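Small disclaimer: the values here were computed from a predicted structure and weren't measured.
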Amino acid sequence: MTTMTEASVREFKMPDVGEGLTEAEILKWYVQPGDTVTDGQVVCEVETAKAAVELPIPYDGVVRDLHFPEGTTVDVGTAIISVDVGGGSAAPAPAAEQPAAAQPAAAAPAEEPKAAGSGRQPVLVGYGVATSSTRRRPRKGPEVPVQQASTAIQTELNGHAPTAPEPARAAAQAAPAGLDRPLAKPPVRKLAKDLGVDLTTVVPTGPDGIITREDVHAAVAAAVPAAPEPSVASAPAAAPASYDTARETRIPVKGVRKATAAAMVGSAFTAPHVTEFVTVDVTRTMKLVEELKADKEFAGLRVNPLLLIAKALLVAIRRNPDVNASWDEAAQEMVVKHYVNLGIAAATPRGLIVPNIKDAHAKTLPQLAESLGELVATARDGKTSPAAMQGGTVTITNVGVFGVDTGTPILNPGESAILAVGAIKPQPWVHKGKVKPRQVTTLALSFDHRLVDGELGSKVLADVAAILEQPKRLITWA
């Protein structure tokens, strides 16, 4: 075994992966001690209050130690992995002594990072230094056992507790020890972690051996024992089967979901919200959507009503620029933005996020369609970066995709307006003096009354509605 000197060991520290963030949770390690890594190789996935991010190592070498196990929240600036860059190699432990693949970091005690000097540690540029010593906050597991929660769900659905499928159980017991990196997407790994499922015991059914969400749920069901038959002699009048098991499940709120909750509470009680509504006939807009789908300029692009709604809002902002503003509490000033970073609210497995299209006001309709497609695809894959969620100026939330007619959206912090789009569906409508079935939707605009008075808010909402009713105004008002 080659001896490694301390001088050849480099410590990779938790980087600043988002503006204003001081910590991140380690979701998954992709390397283990003894593995060889190269510059730019992804070594772990972490979750901040804004997004899940994969971290690449900035140098070549051999992994010497992982300082924290998965599920640990680590402060920015704290060393999380040691790499020998001197060309040495670490001899891995014998196969019989290696820990289970899902718990490699937890088997070896992690070394507590030491505070330098007076206990001050570097944090983000522009935010000074933190005086508290670095600490580890292990993940808190759910208070209700997974088996109890799963039994309740299965009993409610089937009327009885399921028995464990023998093939799945046998396959899980026979999982090879060498499969230390089960193939699964980040949302599936998150689901497995929340349910307490070891991915190395899950039988994959996806293409190329990828573990799916259904595989994780099947593993949970397989772990639930069969419900015992009650004694006829001693059994009193029983409550319904669904009440025999745990009635509550507690889920720790952290990461994106925790940050979203805090931001929404802060917005609701800081900015005085006003919401206005308008119902509009969008039949012509829906016809234009179909025409654009056949246009060669939009070949390969996703064209839907949201595209024209976004463009309509951008035109309305150009006609009423004061709505695109923010409130500077410290200076007691209104800050009017001469650019539009258009936010699109997206529901993801990790919670609601609002990535935005930078300089959306300067994009042509095909360019806007391309940007919307990329934004949605990235959000669905759980790859939205923190930078993509910073600097938004106005937001659209499409509640219509859930069949909802309308709502009163809460402002994204730092913005003055948010437009909610309801479901588009046929309704009886007076058109050219006759009642006819038309495609109708309801729009709701919430705005910060410190920045936007009723007149300005009404003008913006009326402009959006007028464009969607007569989409030719996209040209005449451009």
Can you name the closest pair of heavy atoms from V43 and W29 and give their distance? O-CE3, 3.5 Å
Distance col, row L443:CG vs I309:CD1, nearest 0.5 angstrom, shows 7.0 Å
T36 pairs by side-chain contact (heavy atoms from CB on, under 4.5 Å) with which of D60, V62, V63? V62
At their closest point, which heavy atom of I353 faces which heavy atom of A379, and how far apart are they? CD1-CB, 4.1 Å
Nearest 0.5 Å, please: how far is CG in L368 from NZ in K311? 6.5 Å
Short question: side chain of D65, backbone of H67 - any donor-acceptor pair under 3.5 Å? no
Would you sort out whether T201 and L199 count as a side chain to side chain contact (heavy atoms under 4.5 Å, CB included), showing the intermediate values? CA-CA 5 Å; T201 66; L199 286 179; over 6 Å; no
Rounded distance [0.5 Å steps], NZ in K13 versus CG in L55: 15.0 Å
Just checking, any donor-acceptor pair under 3.5 angstrom between side chains of T275 and S446? yes
Look only at the side chain of H273 and the backbone of I410, and say whether a donor-acceptor pair between them is shorter than 3.5 Å. no
Judged by modelled atom types alone, do E415 and S326 share a side-chain donor-acceptor pair under 3.5 Å? no
Any donor-acceptor N/O pair, D381 side chain to T378 backbone, under 3.5 Å: no
Between T212 and D215, is there a side-chain donor-acceptor contact under 3.5 Å, judged purely by atom types and distance? yes
Sole residue of D359, I357, L307, V376 in side-chain contact (heavy atoms from CB on, under 4.5 Å) with S371: I357
Before giving the answer on salt bridge (charged side-chain N to carboxylate O under 4.0 Å, His left out), spell out for D84 and R10 the whole-Å C-alpha distance, their side-chain angles and the decisive distance to 0.1 Å. CA-CA 6 Å; D84 176 29; R10 299 287 297 275; over 6 Å; no
Evaluate the side chain to side chain contact (heavy atoms under 4.5 Å, CB included) criterion for residues V336 and N324: first the C-alpha distance (whole Å), next the side-chain angles of each, then the deciding distance (0.1 Å), finally the verdict. CA-CA 6 Å; V336 179; N324 189 45; 5.6 Å; no
Are N341 and T393 close enough that a side-chain donor and a side-chain acceptor fall under 3.5 Å? no
Closest non-hydrogen atoms of T384 and P355, given as atom of the first, atom of the second and distance, are CG2-CB, 3.9 Å
Minimum heavy-atom distance P204-I211, with the two atoms named: CB-CG1, 3.8 Å
Evaluation steps, side chain to side chain contact (heavy atoms under 4.5 Å, CB included), between V401 and L306: CA-CA 10 Å; V401 297; L306 180 60; over 6 Å; no
Rounded to the nearest 0.5 Å, how far does CD1 of I396 lie from CG of N356? 12.0 Å
Establish, from distance only, whether the side-chain atoms of S82 and E11 form a donor-acceptor pair under 3.5 Å. yes
Salt bridge (charged side-chain N to carboxylate O under 4.0 Å, His left out) between K363 and E370, intermediate numbers included: CA-CA 10 Å; K363 295 182 180 293; E370 182 179 8; over 6 Å; no
